[in-house]
> 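Quick one: the structure is below, and I'll ask about it shortly.
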Amino acid sequence: MSEQIEERDYDEYRVIEPLGDWKRTHSCNEITAANMGEKVLIMGWVQFRRDHGGLIFIDLRDREGLTQVVFSPEHNSEAHERAHAIRSEYVVAIKGEVRERPDGMRNPNLTTGEIEIVVDEWKLLNTSDTPPFAIEDRSDASEMLRLKYRFLDLRRPSLAKNFILRNKAAQSVRRYLDGLGFLEVETPVLTKSTPEGARDFLVPSRMNNGDFYALPQSPQLFKQMLMVSGLDRYFQIVKCFRDEDLRADRQPEFTQIDIEMSFVNEEQVMGMAEEMVRTVFRETIETALPAEFPRMTYADAMRDYGCDKPDVRFDLKLQEATQIFKGSGFKVFASSELIKILRVPNGAELSRKEIDEYTKFVEIYGSKGLAWIKVKEDGEWQSPIVKFFSEEECAKLRELTNCQPGDILFFQAGASDIVNAALAALRIKIGERFELIDESKFAPLWVTDFPLLEYNPDEKRYVARHHPFTSPQEGQIDELAEKPADALARAYDLVMNGYEVGGGSIRIHTPEMQKKMFAALGIDEEEARAKFGFLMDALKFGAPPHGGIAFGLDRLIMILCGAKSIRDVIAFPKTQKATCLMTEAPAGVSSTQLRELGIRLREKKEA
RNA sequence: GGAGCCGUAGUUAAGUUGGUUAUAACGCCGGCCUGUCACGCCGGAGGCCGAGGGUUCGAGUCCCUUCGGCUCCGCCA
């Protein structure tokens with residue numbers, strides 16, 4: 001019954017040819033109607049093949065874009081015949097003529113959509129296995145697979161675009177800083193472990209068994225040394241390493257734009273940094289940021305937003321109601337360290353189910369519950385807690401919040417850090433739920449006047465909030481010794497859309513002040529000498545007043561690209577368990593290597 | 001250290017209360033096709049249901065353990 005179909009094998013056409021003296025004339029995104037009739041030579045990867053038996057079309061892709069190529073039996077029958085063997089991701093070189101597409105056949109979605117290349121000659125430069133996922137933007141392969149085949153993932157235009165932008169931004173930064181007389185100086189990657197701050201990545205020493213280098217968390221002390229050296233203005237686009245748990249916006253190795261200046265105060269550093277950010281936004285995505293970035297003190301940020309990096313693209317603010325409930329009959333509130341309210345205009349439309357979800361959500365931050373009041377259209381309050389409030393308390397609440405029919409009030413009461421963390425997170429959640437966040441907007445914000453120190457209950461001592469080299473503000477010397485929690489720092493953070501993208505300070509530049517600082521941190525002279533001896537020495541030899549700032553380049557690029565994760569702007573990022581799915585790092589090493597390093601493993605694990 | 005979500009053809013997913021031979025789409029292989037552009041039409045191949053153990057006459061489905069991915073808390077000067 002069924003006819004025998006003669007099947008073909010195209011392998012005879014899959015012969016890889018040398019490049020020879022073929023040379024590209026154009027990228028796959030630059031040939032337009034202006035090139036009509038020209039002979040061109042393009043190379044790239046085959047995005048799609050559309051084989052009509054007669055005509056064969058392929059879309060050729062490179063970093064820049066796509067160009068349609070046509071194999072026509074009339075034009076060159078040998079070239080056409082061989083083209084049947086072309087498959088996705090084959091690497092080809094196309095010599096041909098630029099031809100206008102027939103009427104109605106133009107593709108307005110492509111830069112090159114007016115034209116096509118009719119093939120005179122072509123070379124197969126390499127074949128390809130069928131890729132594990134389609135190399136296109138709409139590909140919905142899992143991130144696990146994409147990370148394993150990162151070299152294929154990076155072929156996707158949306159990802160490639162991020163790295164083109166990243167390069168543009170880095171070059172823009174270099175131009176800007178070079179123009180202001182900054183010197184790009186490289187600092188060591190094999191350095192000394194600094195006990196304060198994040199956990200270090202350690203590198204064992206072969207020549208000094210038992211000793212370890214640490215990879216830098218930042219070049220902080222080196223850049224300060226460069227100021228003592230008189231290099232005056234330094235910058236570096238530099239890898240930094242922190243052995244801490246990962247997040248969507250945190251990788252164990254990341255890139256900082258690290259900057260330090262001599263003979264400046266905080267205004268000058270902030271002014272310089274602000275203009276740098278404006279320049280980058282202008283030169284990369286042609287976006288004008290405000291001529292002056294808004295500023296907010298740390299205290300105000302905590303009061304109004306419950307966090308030190310508020311997303312000010314939308315306007316909801318927290319309100320404090322602790323005083324209203326002092327001595328209240330409602331014991332839970334009366335005994336609370338802090339009571340804060342998030343008023344959501346038109347929030348009464350939230351369902352019971354949604355409120356339950358929010359209740360669960362704030363539990364993540366240690367909250368024990370989420371009290372709420374819905375203001376009904378008739379002004380009546382609907383709430384599980386209002387029955388515990390006195391008339392006076394209700395009146396004060398009305399006055400404080402100015403709540404209107406249709407609103408909902410969310411309450412958090414308890415320890416202040418939990419109240420703030422829970423409501424700050426809920427505020428973002430609500431902003432998303434009610435679409436209050438304009439995703440096309442960029443909202444830079446300086447946060448200033450940070451506390452110098454914060455108490456660490458685990459270590460039972462004060463630790464530096466920024467780092468131990470940050471200068472206290474004028475006239476705060478006594479606070480430093482007597483009321484350490486009240487001392488303010490000459491520190492500033494640049495926040496963008498709720499992300500901390502930069503942070504810096506004016507540094508301590510006299511040995512006396514540095515000693516006071518170490519004393520406040522409970523670091524005695526001997527310990528200070530052992531850990532920071534070279535800094536203490538350097539400050540004695542005419543250190544100029546200096547300060548600086550460091551930007552998280554990855555975060556900045558993430559925001560510029562509108563990416564949801566820092567991984568989308570890092571070429572070879574690590575997974576949440578800090579492994580690389582492509583190289584399978586980290587991995588065991590040979591016993592010989594370990595022996596040389598003088599290291600013995602508790603459990604045997606060798607490569 | 002902790003919480004939540006997830007893991008089924010190459011890929012993305014569906015799979016009811018535990019019940020014959022585990023679905024679909026895309027991709028892949030082959031045939032036809034001269035204006036497609038996510039081409040179209042026809043045919044075909046493709047599975048240790050992440051891994052291990054248990055309950056059961058019977059497990060993709062229930063239980064335990066474990067590995068991996070993501071989001072978050074802690075942590076990240």
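Everything quoted here is computed from the prediction, not taken from an experiment. Excluded from the calculations below are hydrogen atoms, water molecules and symmetry mates; all remaining heavy atoms, backbone and side chain alike, are included. Numbers restart at 1 for each chain; the letters A, B, ... are given by sequence-line order, proteins then strands.
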> What nucleotide among B:C28, B:G10, B:G31 has an atom nearest to a side-chain atom of A:Pro132?
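Nucleotide nearest to A:Pro132's side chain: B:G10.
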
> B:G35, B:C70, B:U12: which one has an atom nearest the side-chain heavy atoms of A:Gln68?
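Of B:G35, B:C70, B:U12, B:G35 is nearest to the side chain of A:Gln68.
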
> Do the side chains of A:Arg82 and A:Glu78 get close enough for a salt bridge, i.e. N-O under 4.0 angstrom?
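So A:Arg82 pairs with A:Glu78 through a salt bridge.
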
> Just the rounded figure in Å: distance from C1' of B:C73 to CG of A:Asp417.
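My rounded result for the distance is 13 Å.
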
> Please determine, for the side chain of A:Arg138, which listed nucleotide (B:C75, B:G35, B:A38) has the closest atom?
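The nucleotide sitting nearest to the side chain is B:A38.
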
> Counting side-chain heavy atoms from C-beta on, which of B:C33, B:G74, B:C37 comes nearest to A:Asp245?
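It is B:G74.
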
> Find the partner of B:U36: check Watson-Crick (N1-N3 plus N6-O4 or O6-N4) and G-U wobble (N1-O2, O6-N3) distances, both under 3.5 Å, and reply none if neither fits.
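Partner of B:U36: none.
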
> Scan A:Ser142 against the nucleic acid and name what it touches under 4.0 Å (heavy atoms): base, sugar-phosphate only, or nothing.
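Counting heavy atoms under 4.0 Å across all strands, the contact made by A:Ser142 is with sugar-phosphate only.
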
> Under 6.0 Å between ring centres, would you say that holds for A:Phe71 and A:His84?
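No: the rings miss the under 6.0 Å criterion.
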
> Suppose we define a pair by two distances each less than 3.5 Å, Watson-Crick or G-U wobble; what does B:C28 pair with here?
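Base partner found: B:G44.
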
> Taking the C1' atom in each of B:G10 and B:G53, what is the distance between them to the nearest angstrom?
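Approximately 30 Å lies between the C1' atom of B:G10 and that of B:G53.
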
> Are the charged groups of A:Arg465 and A:Asp308 less than 4.0 angstrom apart, N to O?
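Judged by the 4.0 Å cut-off on N to carboxylate O distance, A:Arg465 and A:Asp308 do form a salt bridge.
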
> How would you list, by chain and number, every residue that makes a salt bridge (Lys or Arg N to Asp or Glu O under 4.0 Å) with A:Lys340, sequence neighbours excluded?
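Here no residue qualifies.
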
> Which nucleotide in the list B:A38, B:G69, B:C75 gets nearest to the side chain of A:Phe48?
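So the nucleotide nearest the side chain must be B:A38.
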
> Report which part of the nucleic acid A:Pro131 touches: base, sugar-phosphate, or nothing (heavy-atom distance under 4.0 Å, all strands).
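The residue A:Pro131 makes no contact with any strand.
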
> Which nucleotide in the list B:G27, B:C73, B:G10 gets nearest to the side chain of A:Thr130?
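My answer, after comparing the listed nucleotides, is B:G27.
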
> Whether the side chain of A:Asp59 and the base of B:C37 hold a donor-acceptor pair under 3.5 Å is what I'd like checked.
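Result: no qualifying N/O pair found.
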
> Under 4.0 angstrom, heavy atoms only, what part of the nucleic acid is A:Tyr365 near: base, sugar-phosphate, or nothing?
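Sugar-phosphate contact only - A:Tyr365 comes under 4.0 Å of backbone atoms but never of a base.
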
> Is there a side-chain contact between A:Arg49 and the phosphate of B:C37, meaning an N or O under 4.0 Å from OP1 or OP2?
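Result: no.
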
> Under 4.0 Å, heavy atoms only, any strand: does A:Gln576 hit a base, just the sugar-phosphate, or nothing?
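Here A:Gln576 touches the bases of the nucleic acid.
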
> Under 4.0 angstrom, heavy atoms only, what part of the nucleic acid is A:Leu110 near: base, sugar-phosphate, or nothing?
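No contact.
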
> Less than 5.5 Å between centroids and less than 30° between ring planes, does A:His52 satisfy that with B:U36?
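No.
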
> Pick base, sugar-phosphate or nothing for A:Lys577, based on heavy-atom distances below 4.0 Å to the nucleic acid.
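Contact class for A:Lys577: sugar-phosphate only.
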
> Find which nucleotide of RNA chain B each of A:Ser72 and A:Gly197 is nearest to by heavy atoms, and output the residue with the more 5' nucleotide.
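The residue whose closest nucleotide sits nearer the 5' end is A:Ser72.
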
> Taking only Lys NZ, Arg NE, NH1 and NH2, and the carboxylate oxygens of Asp or Glu, determine whether A:Glu136 and A:Arg138 approach each other closer than 4.0 Å.
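Answer for the salt bridge query: yes.
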
> Report which part of the nucleic acid A:Asp51 touches: base, sugar-phosphate, or nothing (heavy-atom distance under 4.0 Å, all strands).
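Base: the residue A:Asp51, judged by heavy atoms under 4.0 Å, touches a nucleobase.
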
> Between the base of B:G74 and the side chain of A:Arg247, is there any donor-acceptor pair under 3.5 Å?
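By the distance-only test, yes, there is a pair.
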
> Please tell me if A:Arg199 has a side-chain N or O lying less than 4.0 Å from either OP1 or OP2 of B:G74.
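No.
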
> A:Met105 has a side chain; which of B:C37, B:U71, B:G1 sits nearest to it?
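Taking heavy atoms from C-beta onward, the closest nucleotide is B:C37.
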
> Base, sugar-phosphate, or nothing for A:Glu116, non-hydrogen atoms under 4.0 angstrom?
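The answer is base, as A:Glu116 lies within the cut-off (heavy atoms under 4.0 Å) of a base atom.
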
> Mind checking A:Thr470 for me? I need base, sugar-phosphate or nothing, with any heavy atom below 4.0 Å counting as a touch.
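Touches nothing.
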
> Taking any strand in view, what nucleotide pairs with B:C5 in a Watson-Crick or G-U wobble way, both distances under 3.5 Å?
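Pairing partner, where one exists within any strand: B:G69.
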
> For A:Pro484, which of A:Leu521, A:Leu453, A:Leu452 qualifies under side chain to side chain contact (heavy atoms under 4.5 Å, CB included)?
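Exactly one candidate clears the test, A:Leu453.
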
> For the side chain of A:Ala141, counting heavy atoms from C-beta on, which of B:C72, B:G69, B:U11 is nearest?
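Within the option list, the nearest is B:U11.
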
> Check this for me: does the side-chain of A:Arg242 come within 3.5 Å of the base of B:C76 through a donor and an acceptor?
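Side chain to base: no pair present.
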
> Nearest to the side chain of A:Arg101, heavy atoms from C-beta on, is which of B:G35, B:C29, B:C37?
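My answer, after comparing the listed nucleotides, is B:C37.
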
> So what does A:Asp140 hit on the nucleic acid, given a heavy-atom distance under 4.0 Å: a base, only sugar-phosphate, or nothing?
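Answer is sugar-phosphate: A:Asp140 comes under 4.0 Å of backbone atoms only.
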
> B:U11 base stacked by A:Phe133? Criteria: ring centres under 5.5 Å, plane angle under 30°.
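The base of B:U11 is not stacked with A:Phe133 (the test needs centres under 5.5 Å and planes under 30°).
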
> Could you tell me whether the side chain of A:Glu244 has a donor or acceptor atom within less than 3.5 Å of a complementary atom in the base of B:G74?
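Looking at the base of B:G74, it does not pair with any donor or acceptor on the side chain of A:Glu244 (distance under 3.5 Å).
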
> Between A:Arg465 and A:Arg50, which has a closest nucleotide on RNA chain B that is more 5'?
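Final value for this comparison: A:Arg50.
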
> Below 4.0 angstrom, N of the basic side chain to O of the carboxylate: do A:Lys353 and A:Asp356 qualify?
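No salt bridge links A:Lys353 with A:Asp356.
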
> Which listed nucleotide (B:C29, B:G69, B:C37) is nearest to the side chain of A:Asn107?
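The listed nucleotide nearest to A:Asn107's side chain is B:C37.
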
> Taking the basic N atoms (NZ, or NE/NH1/NH2) and the acidic carboxylate oxygens, is any pair closer than 4.0 Å for A:Asp59 and A:Arg50?
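Between A:Arg50 and A:Asp59 there is a salt bridge, with a charged N closer than 4.0 Å to a carboxylate O.
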
